[in-house]
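A short worksheet on the structure shown next.
Note on naming: letters A, B, ... go to the chains in the order of the sequence lines (proteins, then strands), and numbering restarts at 1 for each one.
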There are 2 protein chains.
Amino acid sequence: MNIGQAAAQSGLPVKTLRYYEEIGLVTPARTEGNDYRDYSVMDVEHLRFLQRARAVGFNLEVCRELLDLYRNENRRCSQVKRLVLEKIEQVEVQLQELHALKSILTDMANGCAGDDSADCTIIETLAQPKPSFMPFMLVESSS
Amino acid sequence: MNIGQAAAQSGLPVKTLRYYEEIGLVTPARTEGNDYRDYSVMDVEHLRFLQRARAVGFNLEVCRELLDLYRNENRRCSQVKRLVLEKIEQVEVQLQELHALKSILTDMANGCAGDDSADCTIIETLAQPKPSFMPFMLVESSS
DNA sequence: CATAAACCTTTCTGTAACTGTAGGGTAAAG
DNA sequence: CTTTACCCTACAGTTACAGAAAGGTTTATG
């Protein structure tokens, strides 16, 4: 089938399919006369697999590993699980960082009048933070 | 002062200082003989301000706005606070997305034996998810 | 049969915020 | 004088595509 149909069935944009071919993830056949890409049913399965793996946050490098495992009958389930556990750890780190940021930003907003004056505690904090307010800055600036 | 010292005092890498000059954020003077960058004390203040604004998650576009407000004596505090409140909203959206991802990934990991067999429920889920497992896929694939 | 719409093709450029590398000039120390 | 540590510019690379230019093909319609 043509690229447009493959895109519709996989839930991915046409440009993404061309990109995935360029980096060797899913390489469809070509029709003889006109050089159009010709995606097989299995190609589309792989594209759908990639779409879902991306949707749960795996980057393309890991998606490639996952797809290789999907295509490999000799895979071991433990290999797959390890990738998922690693991703969970990354997500947890990101969550912690974002929680910390939100806490700082919320403190900033709460300490700020938000009126028409030029005096602004947020600007002051960014210009010269009190350690009690942004304690991690001590660590950062000592590196 | 030279770029190396300015970098050390601001907590930013040398390459970042050159980049910030390239995009017009902080443009130091040049020494006459050798074209070395010559950062003033105020330049370094601005760099430190940028370092902290970046550290709490603002992108460079917003950092530029914040720096402009910092330099502008006619700023209104409310303008600053609005930027912080917007950022908080963004962080909250990201937190929700990450929580959802973590939940899906954790379900995947929990449902998987992680042994030496080739049968893997994670791979199966990515290949053909059950709606109860990845319900958002229904929305995604209908677009 | 002509033509217009809807496909398809390649290639180049751009995104964010830098980092790395190549190839060179300059300054302080021994 | 030489080494070492700076400094400079300019260009390529990173992620995962999206947009646009310029053109070939297929299909539907008049």
Roughly, in whole Å, what's the span from CD1 in A:Ile3 to C1' in D:dT26? 16 Å
Quickly work out the B:Phe58 CZ to C:dC18 P distance and round it to whole Å. 15 Å
On DNA chain D, check which nucleotide each of A:Tyr20 and B:Arg30 is closest to and give me the residue with the more 5' one. B:Arg30
Could you work out which one of C:dA17, C:dT9, D:dC8 sits closest to the side chain of B:Arg18? D:dC8
Contact class for A:Ile23 vs. all strands (heavy atom < 4.0 Å): base, sugar-phosphate, or nothing? nothing
Under 4.0 angstrom, heavy atoms only, what part of the nucleic acid is B:Arg37 near: base, sugar-phosphate, or nothing? sugar-phosphate
Note: for A:Tyr36 and A:Thr16 on DNA chain D, the residue whose nearest nucleotide lies more 5' is A:Thr16
By nearest heavy atom, map A:Asp38 and B:Asn59 onto DNA chain C; which one lands nearer the 5' end? A:Asp38
Would you kindly give the CG-to-C1' distance between A:Leu17 and D:dA16, to the nearest whole Å? 14 Å
Which comes earlier along DNA chain C counting from the 5' end, the contact point of B:Gly33 or that of B:Glu61, where each point is its nearest nucleotide? B:Glu61
Against the side chain of A:Lys15, the closest entry in C:dG20, C:dC8, D:dA18 is D:dA18
Quick one, A:Pro28 and A:Asp43 - any side-chain contact, counting heavy atoms below 4.5 Å? yes
Separation of A:Glu22 atom CD from C:dT10 atom P, in whole Å? 10 Å
Indicate if A:Tyr36 and A:Tyr20 have the same hydrophobic cluster label, given that clusters are the connected sets of ILVMFWY residues with side-chain heavy-atom separations under 4.5 angstrom. no
So which heavy atom on B:Arg64 is nearest to which on B:Ile23, and how close? NH2-O, 3.0 Å
A:Asn2 side chain, from C-beta outward: closest of D:dC8, D:dA18, C:dC8: C:dC8
Figure out the OH/P separation between A:Tyr19 and D:dG19, and round it to whole Å. 16 Å
To the nearest Å, how far apart are A:Leu47 CG and D:dC17 P? 12 Å
Ion pair check, A:Arg18 and A:Glu22, cut-off under 4.0 Å: no
For A:Arg76 and B:Asp115, indicate whether the former's side chain and the latter's backbone hold a donor-acceptor pair under 3.5 Å. no
To the nearest Å, give me how far apart CZ (A:Arg64) and P (D:dA16) are. 10 Å
Output yes when at least one side-chain N/O atom of A:Asn34 is less than 4.0 Å from OP1 or OP2 of D:dT26, else no. yes
Rounded to whole angstrom units, what separation is found between the CD atom of B:Gln90 and the P atom of C:dA16? 14 Å
